[in-house]
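A short worksheet on the structure shown next.
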Number of protein chains: 2
Amino acid sequence: MATFGEFLRAERNKKGLNQSEFGQPFGIIMTEISKIENGRKKFPFTSLVALAKFLGQNYSELKNLYVADKLVEEAHKYECSDAVFTVAESQSKYLKSKNVKQGKIKF
Amino acid sequence: MATFGEFLRAERNKKGLNQSEFGQPFGIIMTEISKIENGRKKFPFTSLVALAKFLGQNYSELKNLYVADKLVEEAHKYECSDAVFTVAESQSKYLKSKNVKQGKIKF
DNA sequence: CGACAACTTGCCAATTATTAGCAAGTTTAA
DNA sequence: TTAAACTTGCTAATAATTGGCAAGTTGTCG
């Protein structure tokens with residue numbers, strides 16, 4: 001499992017495109033693609049649906065990869081052990097069960 | 001496993017303090033503590049060490065709780081399933097192994 | 001029903017973070 | 001050495017987060 005940037009670079013190479021060509025469909029210029037592949041900035045979330053189509057991949061899975069990247073960055077920023085992801089998962093489950101009980105189906 | 005805000009509120013109640021008193025040692029006024037307990041804004045990270053001491057708790061565990069809260073918020077913002085946390089963990093492990101191979105011990 | 005303490009929320013200005021794009025520099029391969 | 005592909009530094013614009021005050025709730029006690 002690679003980072004989102006590395007994943008993008010691999011997909012781009014599969015298609016034999018350079019950064020300029022790859023960015024075209026999303027209106028992203030070469031230098032931005034470079035920064036994205038190198039993890040210096042995020043792929044714009046608003047283009048993620050288009051990206052999934054372009055890559056012929058499942059949107060939800062792609063989104064998971066995308067968001068996971070952010071989570072990892074956050075965890076490393078705070079120098080957390082990987083245990084933090086387990087804690088997060090149980091907090092998430094807790095929140096959902098709480099909201100179900102309160103009738104807030106919004107999850 | 002509760003949210004960080006709920007956790008704080010529980011700890012405060014254990015000590016029998018009101019929000020004003022609880023915020024005192026960290027220089028945080030009542031309305032801010034309220035927002036923090038209700039998850040409307042973050043406890044300042046710069047005071048987390050002091051908080052751990054004040055609560056007599058292990059700093060790393062407290063930090064995990066604190067950061068996990070952020071991760072959950074992010075995951076929900078993007079409407080991700082809990083699978084995202086597992087993906088994140090494996091991405092994190094991948095990054096670490098990659099950095100070890102490159103001699104960057106910085107994790 | 002007041003009155004008071006404890007708490008929540010809305011709003012705003014100020015700080016902080018993130019972004020897009022260009023310019024300049026680096027790498028790679030012929 | 002040259003050119004294409006890529007990376008990085010810088011800056012102005014945009015977006016996100018914060019602290020604090022004011023105004024509004026809630027809950028309890030007499």
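Order of the sequence lines fixes the chain letters, A, B, ..., with proteins taken first and strands second; residue numbering starts at 1 for each chain. Values reported hereafter were calculated over all heavy atoms of this structure, with side chains retained and with hydrogens, waters and symmetry mates removed.
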Contact list for DNA chain D against residues 16-25 of chain A - heavy-atom distance below 4.0 Å:
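Under 4.0 Å from DNA chain D: A/Asn18, A/Gln19.
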Starting from [atom2] on [N], measure out to [atom1] on [X] and report it in whole angstrom.
X	N	atom1	atom2	value
B/Glu74	D/dT17	CD	C1'	13 Å
B/Ile33	D/dG20	CD1	P	11 Å
A/Arg9	C/dT27	CZ	C1'	12 Å
B/Asn13	C/dA6	CG	P	13 Å
B/Arg12	C/dA6	CZ	P	10 Å
A/Ile36	C/dT19	CD1	P	9 Å

What closest approach, in Å, do [X] and [Y] show between heavy atoms, and which atom pair accounts for it?
X	Y	result
B/Ser92	A/His76	OG-NE2, 3.3 Å
A/Val84	B/Asn64	CG2-O, 3.5 Å
B/Glu79	A/Lys63	O-NZ, 3.2 Å

Side chain of [X] only, heavy atoms from C-beta on: which candidate in [options] is closest?
X	options	result
A/Glu32	C/dA20, D/dT18, C/dT8	C/dA20
B/Met30	D/dT8, C/dG10, C/dC7	C/dC7
B/Ser34	C/dC11, C/dT8, C/dC22	C/dT8
A/Lys41	C/dA20, C/dT9, C/dT8	C/dA20
A/Lys42	C/dT19, D/dT18, C/dG10	C/dT19

How do B/Glu37 and A/Lys35 order along DNA chain C: which one's closest nucleotide is nearer the 5' end?
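Closer to the 5' end of DNA chain C: B/Glu37.
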Using residues 46-62 of chain A as the side-chain source, report each donor-acceptor pair under 3.5 Å to any protein atom, sequence neighbours left out, with the distance given to one decimal.
from: A/Asn58; atom 1: OD1; to: A/Ser60; atom 2: N; distance (Å): 3.0
from: A/Asn58; atom 1: OD1; to: A/Glu61; atom 2: N; distance (Å): 2.9

Of B/Thr31 and B/Lys70, whose nearest nucleotide on DNA chain D comes first from the 5' end?
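Looking at the nearest nucleotide for each, B/Lys70 comes out on the 5' side.
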If you find the nucleotide of DNA chain D closest to B/Ile29 and the one closest to B/Lys77, which residue's nucleotide is nearer the 5' end?
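The residue mapped nearer the 5' terminus is B/Lys77.
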Evaluate the criterion ring pair (Phe, Tyr, Trp, His ring centres under 6.0 Å) for residue pair A/Phe85 and B/Phe85; output intermediate values, then yes/no.
CA-CA 6 Å; A/Phe85 300 115; B/Phe85 300 114; 7.8 Å; no
Please check if any side-chain donor atom of B/Glu89 sits under 3.5 Å from a side-chain acceptor atom of B/Tyr94, or the reverse.
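No, because no side-chain N or O of B/Glu89 sits under 3.5 Å from a partner of the opposite role on B/Tyr94.
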Do the side-chain N and O atoms of A/Thr3 and A/Asp69 include a donor-acceptor pair separated by under 3.5 angstrom?
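Short answer, no.
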